[in-house]
Each structure stands twice: as C-alpha cells, then as structure tokens.
There are 2 protein chains.
Amino acid sequence: MEKSIKRRTTMNRMQVTGLELFYKNGYYNTSVDDILKELSLSKGAFYYHFDSKEDFFIQIIEQLVVRKVYSMLIEPIEGHENTLDLITNCFENALETAVHNELDYGFVLSNFIHEFNGRNQEIMKHLNEILRIWEVTLVSAIQRGKFNGHIDRHVDAEGVAVYLMSSFIGIRTLMVETAPSARKYRFMSQLRQYFKSIEVRQQSY
Amino acid sequence: MEKSIKRRTTMNRMQVTGLELFYKNGYYNTSVDDILKELSLSKGAFYYHFDSKEDFFIQIIEQLVVRKVYSMLIEPIEGHENTLDLITNCFENALETAVHNELDYGFVLSNFIHEFNGRNQEIMKHLNEILRIWEVTLVSAIQRGKFNGHIDRHVDAEGVAVYLMSSFIGIRTLMVETAPSARKYRFMSQLRQYFKSIEVRQQSY
DNA sequence: TAACATTCCGACCCAGTGGTCGGTTAACTC
DNA sequence: GAGTTAACCGACCACTGGGTCGGAATGTTA
C-alpha cells in the first residue's frame, strides 16, 4: 500500500475504535492498551502516530465527533423551510437513532463534557466550540423563522436556542437505560407543545 | 469520644470529602488515597469502615446525594399552592445556587449517571432510583395542578415531567463554564413561556 | 540491490491503583 | 488496672496506566 495512504488508514482505524471505546467506557476508563488490543496493534504503532493519549483524543474530536454532530444536528436545520418543522424533524431523527441503538450511552458531546469539565481545559475548549456552533446554528434558524413569518417576532432567539439545547441534552441523558422509546415520545409531544407557544398566532378564529 | 459517635463521625468525614472529590474529579479519577490524604487518614481506617471503594460510594449516594436532591428538587414542590409556581421557584433556586458556586461541576446526579452508565449496574440502580422519585414527585405535582384548576386538564402529566427533567439536566450541563448566569436567565424565561402554554386558558377576553 | 525512510513491534520503566494484613493505640468494661 | 475491643496505622502486594526506546520489518528510491 502507498505510504501516505497506509498512514491515514491506520490512524483512522485507531480513531474509530478509540471513539467507540471512549464513548462506551469513558476516556479515563479506557486504556491505550484496550484500543490496541482491539486492533492487534502495538504501543509503538500508537506512539508513532500520536504524541499522547490526549493528543489522540483531540484528533478524534476534530475528525469524528465534529462531523457526527454536524450531520446529526447542524446540517438538518440549515434549510429554508419552516424552521420549527426542521428542528422538530431533526430532533425526532436524532432521538429515533438513539432508541434503536442497542447499547446507548447518551449524547456523545454531553458525555464527554461531563467527563472533562473541570479536569481538562484543553479538551473542554474543543467541546465547547462544538456547542457554540450548534448554538449559533439554532439561533440563526430561529431568526430565519421569525423573518419568514413562522415564529412570533417577539421571541428571544437566544433563549429558545438555549432551551432547545438543554432539553435535548437532558432527554438524551434520560433515554439511557430507562424506557427510551416512551420518553422520546413524551418529550417530542411537549416539544411540539412548546413550539406552538412561540409560533405566530393564527388569526383564524 | 464515645465509640459509636467516633465511628459515625469518621465515616461521615470520609463520605463528605469523598463526595467532594468524586464530584470534582469523577469517581474513577479519584483514588482512595486522594481522599485519605485530604483527611490525614490511612488505608487501614478506610477499609475498616468500608468494604470497598464501590461500597463507599453507594453509601455516599444513600447518605448524601439522596438528601441533597430531596432538599433541592423534591421537597420544594410538595406544597399545595399553584404547582407551576412551585416548580418555577424550585428551578430558579436550584439554578441560582449553581450560578453562585465558584467551581460548578454540574448537576451531581447527571454527572454520576454519565460516569456510570453502562459501566456499573449496581451504582446505576441507585441513581435511577433517585430519578424515579423525582419523576413521580413531578407527575403528582402536575396532577395536583390539574385538579386545582391551574393546569389545563388535557396535558399529559408524565410528558411534562419528562420534559422538565430533561431541560433541567440539560441546562445544568450547559451552565458549567460558559455564561451560567445568562443561560440561566434565558432558560427560565423559556420555561415560563412553556408553562403558559399548559396553563388553563384564561377566558378573560 | 544498496541506501534510506516509514511503519510497527514489544520489552521495559515507574508512578500509581485498589486492597490486605499484622500490628499499635486509645477507649470502655469489670 | 487488667483485659477486651473498636479504631486506626502503614508497609506491602499484584496489577495497570501512560509513555520510552532500540530494533525489526516493510516499503521507496536511485
């Protein structure tokens, strides 16, 4: 195999397996050896490609986690249709995926935020950055909705964004282990209820 | 000092310091030695009072975490006034405490849920039990509200409870590190907005 | 095919980790 | 005040963690 390709292939294999195990067992609870055993690779290979366990993880965030969040939570709400519908469908799909996940460990991003908060400033910077992007995407979606006449123009876009992020992070936490499907259903109903309260009032009566 | 008192005193000191460090650094990231160093106690003392690190932690949950959650989230909403007001004030206070916490590591309960989910069934049982109690307390509060005529009788009490728990867990996650005060304010505004949508419609117009 | 660079191997280092155990000290009982 | 027991000490153990390093294998180039 060509060298540069071989390099990227090996690194990617390590990262994919690494994310899998970090997500499943937590960062501090997963040893470099665990990952290497899974791949039948050696310590030497690992430290040839990465400077340290931390460096390894940061690259995983940049390569894999960011993309996951983008495709799941950012891109689906960038359209120009009714934004409340976009967000509803986006959440619906994200939660449905979680329900069907045999072994669900929650929302990747919030899992890692919990693990690193107050413990690793460097990694937290990266995680917060993703949250920030999610937030501005939501805010601009809400504002588009106001502009397009779907959302009441008095609502506070930042407030709605924070509220949406909160509830999503929370429901993903609640959906692990206990009645994920039922909780998802209840959550989505209430989300729609909430959305009704910020839609433009229909003057049809 | 009398023996049985001395025993309880020592155990309590260990638990208080233990919770502090577990909350701050995580369970797996805090060694028994860390706790003992803080207290100038020895391994012998620790394993004289507790069977294992896990046993120690479970006792911390039963003794300290349960009580914390009770006094912060359960008892404040058990009154018979307008339940939506009770919940609003309860959340307001809980979040305000978090804002003023110099070093905030989030909602104790959800922190530990994230850490132990899929890793320690025994401990998860205890944590889920607390969540369950919180849930039934919320559900019965909502139902009281419907009965008392404050809440629209068509709303789904279980749904509202899940939605409230979600949003609370989520906002506590978001409040660590980034703009806790602003986020709290935005969150509370939207919560009130949501509450308005499940109140009984005022026929005053 | 010789010379060189890239990729990977695995023995080794050592600072911890949870947990054990024989022993000491202090408090209570009779 | 001797004997008993609860409370605690700290050296020790087996093991694991992240990380190092000399060298072997596998390309790549001239």
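Below, chains carry the letters A, B, ... as their sequence lines are ordered, and counting in each starts from 1. This is a predicted model, so every value here is computed, not measured.
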Specify the separation, in whole Å, of atom CE of B/M14 and atom C1' of D/dA7.
10 Å
Taking the six-membered ring for Trp, are the ring centroids of B/F107 and B/F168 within less than 6.0 Å of each other?
yes
Quick one: is A/S42 getting a side-chain N or O under 4.0 Å of the C/dC8 phosphate, OP1 or OP2?
no
Are OP1 or OP2 of D/dA6 and a side-chain N or O of B/R7 less than 4.0 angstrom apart?
no
Hey, is the side chain of B/K53 pairing donor to acceptor with the base of C/dG19 inside 3.5 Å?
no
Value in whole Å for how far the C1' atom of D/dC15 lies from CG of A/D33
13 Å
Is the distance between the ring centroids of A/Y28 and A/F116 less than 6.0 Å?
yes
A/Y47 vs D/dG19: side-chain N/O to OP1/OP2 distance below 4.0 Å:
yes
Establish, with yes or no, whether the OP1 or OP2 oxygen of D/dC8 is under 4.0 angstrom from a side-chain nitrogen or oxygen of B/T10.
yes
Does OP1 or OP2 of C/dG16 have a side-chain N or O of B/S31 closer than 4.0 Å?
no
Contact under 4.0 Å: A/H49 side-chain N or O vs C/dC8 OP1/OP2:
yes
Spacing between A/F22 atom CZ and D/dG17 atom P, to the nearest angstrom
12 Å
A/F46 CZ to C/dC9 P: how many Å, rounded?
14 Å
Quickly work out the A/L21 CG to D/dG17 P distance and round it to whole Å.
12 Å
Expressed in angstrom and rounded to an integer, what is the separation of B/K43 atom NZ from C/dT17 atom C1'?
7 Å
Compare side-chain N and O positions of A/Y48 against OP1 and OP2 of C/dC8 and report whether any pair is under 4.0 Å apart.
no
Can you tell me the distance, in whole Å, between the CD1 atom of A/I35 and the C1' atom of D/dG17?
12 Å
Check: A/K6 side chain, D/dG27 base, donor-acceptor under 3.5 Å:
no
Start at the 5' end of DNA chain D and walk down; is the nucleotide closest to B/S40 or to A/T30 reached first?
B/S40
Show the numbers, then the answer: is there a ring pair (Phe, Tyr, Trp, His ring centres under 6.0 Å) between A/F91 and A/F195?
CA-CA 13 Å; A/F91 276 26; A/F195 276 171; 7.8 Å; no
Which residues share a salt bridge (charged side-chain N to carboxylate O under 4.0 Å, His left out) with A/D104, sequence neighbours left out
A/R172
Interatomic distance, A/F50 CZ vs C/dT7 P [rounded to whole Å]:
12 Å
Is the terminal nitrogen or CZ of B/K53 (NZ for Lys, CZ for Arg) located under 6.0 angstrom from the six-membered ring centre of B/F22 and within 45° of that ring's axis?
no
